[in-house]
Amino acid sequence: MKFTVLTIFPEMFSALLRGGIVGRAIEHQHISVEPINIRDFAKDRHRTVDDRPYGGGCGMVMKPEPMAEAIRHARKKDPEACTLLLTPQGQLFNQRVAQELAGYPGLILVCGRYEGIDERVREHLVDNELSIGDYVLTGGELAAMVVIDAVSRLIPGTLGSEHSAQEDSFSTGLLEYPQYTRPRSFEGTNVPEVLLSGDHGAIRQWRRQASLVRTVLKRPDLLMDQPLTTGDLEFMKKLQQDIKTIIEKHCE
Ligand code: 4GN
């Protein structure tokens with residue numbers, strides 16, 4: 001996967017490129033991330049990228065010419081790539097969208113600043129608009145980094161053998177089960193006994209059930225259109241029955 005980022009702050013991406021799983025994925029050439037400075041495509045000697053909005057109002061708008069030149073440059077180098085604008089008006093980014101984007105050979109991520117980009121650039125040079133959530137940032141860069149991070153870990157090889165994105169929360173459709181490491185007893189709380197048992201079947205079942213309980217409590221919406229096994233449903237019916245019995249006892 002080839003990520004090209006169009007931004008007036010290319011240095012913001014150095015933290016992402018240096019360390020962690022994304023850094024390693026770049027080293028191992030599973031992905032590449034190339035930030036390109038939109039200012040390099042400005043023609044005047046001040047390298048201007050913004051201008052005052054027609055119709056008045058506060059703030060500045062990103063000029064169309066440098067932005068358009070930068071997008072055309074990126075597209076020429078990666079004709080198969082999908083060009084995405086990061087904006088609060090975009091399609092909400094989630095694991096399903098990440099999965100879909102991971103199928104492209106390249107992504108061109110366009111980062112705006114100021115009050116926005118000229119509408120004509122959005123109309124004619126952008127394939128899709130993405131939002132990482134319902135809040136406003138001062139620029140698209142942090143949103144682009146979120147997309148790069150989430151998509152990168154879905155590219156085969158990036159996570160290494162120690163982890164599989166297949167088993168993630170949101171791939172199973174459930175929240176993650178609780179994790180524990182040493183010591184066995186920490187400030188008076190013990191690790192659940194089953195995890196020390198070595199019984200892999202029992203551990204798998206405990207984890208699945210812990211995931212189910214967590215999801216019911218924290219994100220019941222996720223369970224509405226998720227395939228559940230007959231084992232899941234039996235476990236939940238048993239819980240329901242237990243809760244019902246407790247309630248009845250207290251209403252006597
Ligand atoms: C993306 C960009 C939020 C998001 C952004 C988001 C920069 N804020 N929710 N801010 O994904 C106008 C010009 C605002 C660019 C844009």
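Numbering of residues begins at 1 and proceeds along the displayed sequence. For ligands, and for the atoms within them, numbers begin at 1 and follow the listed sequence. Just so it is clear, the model here is predicted, and its values are computed rather than measured.
Counting non-hydrogen atoms of other residues, nucleotides and ligands closer than 6.0 Å to CD of Q29 gives a total of 12 or fewer. Remark: R47 CZ is packed, more than 12 non-hydrogen atoms of other residues, nucleotides or ligands lying under 6.0 Å away.
Those atoms of ligand 1 that come under 4.0 Å of a heavy atom in Y135, given as number and element, are 3 (C), 9 (N). The atoms of ligand 1 that sit less than 4.0 Å from any heavy atom of G140 are 2 (C), 7 (C). Near R113, meaning under 4.0 Å from one of its heavy atoms, ligand 1 places the atoms 13 (C). Using a 4.0 Å cut-off to heavy atoms of E115, the atoms of ligand 1 that qualify are 12 (C).
Residue contacts with ligand 1: S131 is placed with a nitrogen or oxygen under 3.5 Å of a nitrogen or oxygen of the ligand (distance criterion only).
Side-chain N or O atoms of S185 include none that pairs as donor or acceptor with a backbone N or O of N190 at under 3.5 Å. In this structure, the side chain of R214 engages the main chain of E176 through a donor-acceptor pair within 3.5 Å.
In this structure, the protein non-hydrogen atom closest to atom 2 (C) of ligand 1 is L86 O, 3.6 Å. Nearest protein neighbour of atom 9 (N) of ligand 1, counting heavy atoms only, is G133 O, 2.9 Å. The protein heavy atom nearest to atom 11 (O) of ligand 1 is I132 N, 2.8 Å. Considering only non-hydrogen protein atoms, atom 10 (N) of ligand 1 sits nearest to L137 O, 3.0 Å. The protein heavy-atom contact nearest to atom 13 (C) of ligand 1 is G116 CA, 3.2 Å. Taking atom 14 (C) of ligand 1 as the reference point, the nearest protein heavy-atom neighbour is P88 CD, 4.3 Å.
Residue contacts with ligand 1, taken as heavy atom pairs separated by less than 4.0 Å, involve T87 solely via the backbone atoms N, CA, C and O.
Under the 4.5 Å side-chain criterion, counting only non-hydrogen atoms from C-beta, S152 is in contact with F3. Contact annotation: the side chain of L130 approaches that of L101 to within less than 4.5 Å [non-hydrogen atoms, C-beta and beyond].
Between E141 and R113 there is a salt bridge, since a side-chain N of the basic residue sits under 4.0 Å from a carboxylate O of the acidic one. Between R18 and E27 there is no salt bridge, since none of the side-chain N atoms of the basic residue sits less than 4.0 Å from a carboxylate O of the acidic one.
The minimum heavy-atom distance between K2 and K77, with the atom names listed, is NZ-O, 3.7 Å.
Remark: distances from the non-hydrogen atoms of M62 to ligand 1 are all 4.0 Å or more.
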